[in-house]
Amino acid sequence: MAEQYDAIEREVGICAYLSEEPGFAAVLKARFSDFLVHETNNNGEVAILDSLKIPNEKEDSISKKEEEAPSKKEEASSKKGEEAHSKKGEETPSKKEEEAPSKKAEESSQKEEDLRESKKRKHSGNEDGDEDIWIRAKKRLTSWVGEDPAKNVVKLIRAWEDGPKTAEWSGKFVELPKIEEKEKRKEIHQWIRGSFSKYACADTHEGQIRIWHKKFEKEMPSFGKFDKVGKPRTARAKKQIWPEGKPNFLQFVLYKENVDTGTATGNIVRNLRGRVRLGYAGMKDKRGITSQFCTLYQRRPEEIISFNKARRSGGGGSTYGNVCVIRVGNFKYVNRETNLGMLKGNRFDVVLRNVDVGREVEKPKEYIEKAAKAFQENGFINYFGMQRFGKDHDTHKVGIEILKRNFKGAVDMIMRTKPNEAQRTNFARKKWEKRFESLADEDRKTKEKVEKECAGKVLRDMGRFMACEVALLNCLKREPLNYRKAWTRIPKHIRSMFLHAVQSVVWNHAVSRRIERHGKKVCVGDLVQLGKKEQSENGESSTSGRKGKIVKVLTEEDLKAKTFSLTDVVIPLVGTKIDYPENETNQDIEDLLKGWGLEKSDLKKIDDKELSLGGDYRKIVCKPSDINYTISEYTNPLQPLIPTDLMKINKEELKFPEEKSEKKSLNALVVGFTLPPSSYATVALRELMKRPTSSEYQRQLQLEGECEGSLGKEKKDDKDGMKIDDKDDAKIDDKDDAKIDDKDDMKID
């Protein structure tokens with residue numbers, strides 16, 4: 001019954017299965033909590049959210065030398081010192097007071113005197129050793145605080161100026177007697193920041209001024225909180241002061257439910273002030289619960305911890321839906337930023353509901369176990385999944401038009417009417433398609449005028465998440481008929497996705513033809529991957545690109561030696577910097593390109609300066625690792641069957657009904673496995689179930705009763721069983737490819 005949906009997959013080259021074991025029907029992603037993903041980084045660490053606490057920064061920062069570290073006494077009193085120093089007007093003079101004529105004249109006179117003395121010292125070649133500066137400093141301080149404190153300050157500063165070995169004073173600062181007059185305190189701070197700033201700096205601790213030697217400025221509790229004139233710094237200015245020796249990147253685990261990576265990280269960026277530098281290794285899609293590593297440049301956990309204050313604890317342990325949750329945790333400081341592609345793989349834990357093996361099977365559990373073991377032993381054909389080709393399965397078609405330099409055709413392909421869209425958007429697309437129909441005159445100026453007006457009107461009806469359409473229309477509204485320029489206005493990562501989809505569809509078709517022709521045999525002329533070069537010094541993985549992959553062409557001698565198997569064979573992703581197999585597969589690739597009006601040489605002539613297709617190598621077979629599976633029985637079709645990270649933190653357990661239900665029990669297969677980057681979990685599950693992975697097929701399945709009972713029937717209210725209505729075409733790819741399907745507007749909890 002599922003054969004009618006195979007045509008959708010065959011269109012993008014997904015045609016074959018690796019094993020001949022029979023499969024079964026089951027509902028995939030009935031609930032977003034049925035699909036759990038945990039990222040594994042290059043160091044083998046798995047992104048598991050098990051702590052929401054803010055770490056002790058002393059443990060995460062690189063310790064400084066003992067001679068540079070502040071004493072415990074200073075650290076203990078830092079809070080009070082900061083409060084005293086930040087009181088409005090205490091050290092920061094008001095503008096009116098600064099501009100008072102008498103004070104201004106006195107300050108100007110003092111500056112002139114200091115300048116003359118400085119010139120004298122420079123001329124004599126003894127700038128720092130002249131006794132006059134210390135005499136005058138002592139004289140000024142004596143007028144404010146008395147002779148003894150002034151003498152102590154000069155003694156401290158001179159001692160450190162002569163060097164630590166000759167220092168007669170053992171401290172880093174001198175605390176002056178408490179001064180009641182606000183004007184006097186202000187004068188001292190102004191003098192320190194002005195004439196004496198080369199040697200000393202000052203703060204206020206519990207109402208008393210402390211004068212520090214300049215050497216210890218960074219150890220002052222108030223360091224970085226005030227500017228050169230004593231005014232409090234803004235939040236942005238404070239952020240720029242980062243402790244010396246502390247790692248630059250805050251690493252954390254981003255846990256999200258029912259929200260894609262782009263939206264989740266966008267929410268984090270919007271909640272931060274100033275310029276934000278956020279990195280992550282791969283895109284995780286919306287319909288699932290995922291945990292991945294992220295880094296922020298020179299940020300503290302306190303700045304993003306507000307995401308953990310939401311009331312809801314997530315939807316993993318309940319039967320309600322439409323919950324979007326973001327949590328952050330497992331904070332630590334690291335020296336290396338996380339960038340796209342810097343991951344070793346992903347761990348998947350998936351629930352397949354209402355497993356239906358058919359009425360003729362007498363022992364369903366044994367049948368399911370047999371299929372799971374075959375999946376474990378054989379692996380699966382490493383196809384690019386349906387999500388690679390967009391919601392409407394046309395991403396590669398746009399890329400083909402670009403390679404043919406038919407920019408108008410590409411724009412029309414993006415702007416064409418699409419099924420299941422809002423009526424307003426659908427009407428706008430039809431208006432665009434018919435914009436030239438009523439024109440009797442083919443004059444270019446007339447066309448420009450019509451297209452300019454149409455672009456402005458249609459633009460208003462496009463959703464704000466339709467990045468491609470909005471970019472195209474904004475350009476054509478200003479420069480009608482300039483389709484090449486309109487194409488370049490689409491974000492670069494989305495443009496590259498269209499071209500990568502061409503590589504993917506060629507690869508899928510070529511592999512299917514090879515499997516159909518030779519099965520699991522290794523053939524002369526095949527390419528095999530011998531290994532990879534070591535990771536580069538910056539830690540980026542070589543698994544996601546051509547660089548670092550070593551291949552060779554198989555010969556008769558290699559086949560006789562039986563050194564290689566199908567798991568070693570690779571098929572190239574078409575490009576300008578790769579080698580092709582020396583057998584029928586190379587001809588298959590050329591025939592596929594020719595069928596679309598393309599040649600290999602067209603890959604070198606992309607009319608887009610920002611894009612190129614170098615090519616890559618991809619293994620035909622992928623074998624999942626760390627496979628485990630269990631078969632569960634349940635009666636409630638929406639019964640939670642797998643605990644999430646957030647449930648474990650909140651100490652929530654899966655709740656099963658205590659009383660036995662009269663309903664017939666249902667079977668679910670809970671399967672876990674680990675895949676390398678860019679391998680699709682949906683394709684792996686396709687091999688396990690021997691069923692299509694398209695959303696069109698999944699939407700027809702039932703959560704109870706006969707799983708495939710509604711296939712081929714018109715959509716109507718279902719009385720026999722619950723249907724799965726999967727509106728999201730799930731993406732399980734971790735390469736830097738963006739979705740082109742519209743995102744849903746959502747409120748993040």
Side-chain angles (χ1 to χ4, degrees), residues 1-2 4-12 14 27-32 35 258-260 262-263 285-288 321-322 324 385-398 410-434 458-473 490 494 497-498 501 505 682 691-703 708 710-718 721-733 737-747:
M1 288 186 288
Q4 58 183 306
Y5 296 97
D6 287 341
I8 299 172
E9 291 188 335
R10 283 197 294 271
E11 185 182 351
V12 294
I14 304 175
V27 180
L28 172 64
K29 290 191 178 183
R31 309 178 70 241
F32 61 83
F35 200 85
N258 204 31
V259 56
D260 63 87
T263 303
D285 71 89
K286 175 183 175 182
R287 196 165 181 83
N322 298 323
C324 301
M386 292 299 299
Q387 52 270 37
R388 180 78 160 188
F389 306 101
K391 187 177 180 180
D392 299 296
H393 321 312
D394 61 355
T395 312
H396 62 291
K397 295 178 182 178
V398 176
V411 170
D412 289 341
M413 183 74 66
I414 294 170
M415 291 298 300
R416 70 183 178 87
T417 54
K418 298 173 183 178
N420 303 319
E421 277 194 324
Q423 186 176 358
R424 180 179 176 181
T425 305
N426 189 268
F427 180 75
R429 290 185 185 277
K430 287 180 179 178
K431 186 187 294 184
W432 178 261
E433 288 178 341
K434 298 177 180 179
V458 171
L459 183 60
R460 292 194 291 267
D461 294 326
M462 291 291 114
R464 63 192 180 99
F465 290 115
M466 297 180 180
C468 292
E469 291 84 347
V470 170
L472 291 173
L473 292 170
I490 296 174
I494 300 182
M497 177 200 63
F498 289 117
V505 74
T682 47
R691 291 295 190 279
T693 59
S694 64
S695 57
E696 290 84 352
Y697 168 74
Q698 282 291 321
R699 277 196 288 265
Q700 294 295 321
L701 302 183
Q702 298 184 142
L703 285 170
E708 295 181 324
S710 297
L711 288 185
K713 298 180 182 178
E714 293 184 7
K715 195 171 182 179
K716 58 183 180 179
D717 293 337
D718 186 44
M722 297 180 63
K723 273 189 183 179
I724 173 65
D725 186 14
D726 184 3
K727 295 181 181 178
D728 304 300
D729 197 8
K731 187 175 185 214
I732 324 297
D733 186 22
D737 300 321
K739 295 182 192 177
I740 59 169
D741 47 309
D742 302 334
K743 297 178 183 177
D744 298 322
D745 234 348
M746 64 186 73
K747 184 178 180 182

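- Rounded to the nearest 0.5 angstrom, Q387 CD and T693 OG1 are separated by 7.0 Å.
- In this structure, the side chains of T395 and R388 stay at 4.5 Å or more apart for every pair of heavy atoms.
- Atom CE of M386 and atom OG1 of T682 lie 9.5 Å apart (nearest 0.5 Å).
- Here the side chains of L28 and R691 are not in contact, with every heavy-atom distance at 4.5 Å or above.
- With values rounded to the nearest 0.5 angstrom, S695 atom OG is found 5.5 Å from H393 atom NE2.
- Proximity of W432 to T417: side-chain heavy atoms (C-beta onward) are nowhere separated by under 4.5 Å.
- Here the shortest heavy-atom pairing between I414 and R429 reads O-NH1, 3.1 Å.
- Rounding to the nearest 0.5 Å places CG of L472 at 10.5 Å from CG of L459.
- Taking each heavy atom of A428 and V458 in turn, the nearest pair found is O-CG2, 3.6 Å.
- Counting heavy atoms from C-beta outward, M415 and E433 have side chains that stay 4.5 Å or more apart.
- Put simply, the side chain of D394 reaches to within 4.5 Å of the side chain of R416, judged on heavy atoms.
- In terms of modelled atom types and a separation under 3.5 Å, the side chain of R287 and the main chain of A30 share a donor-acceptor contact.
- Within the model, atoms CE of M413 and CZ of F498 stand 10.5 Å from one another, a figure rounded to the nearest 0.5 Å.
- Taking OG of S694 as the start and CZ of F389 as the end, the distance is 13.0 Å to the nearest 0.5 Å.
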List the steps, then state whether salt bridge (charged side-chain N to carboxylate O under 4.0 Å, His left out) holds for K391 with E421.
-> CA-CA 11 Å; K391 187 177 180 180; E421 277 194 324; over 6 Å; no
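- Taking the side chain as every heavy atom from C-beta outward, P692 and I8 never approach each other to under 4.5 Å.
- In this structure the side chain of Q700 never reaches within 4.5 angstrom of the side chain of E708, judged on heavy atoms.
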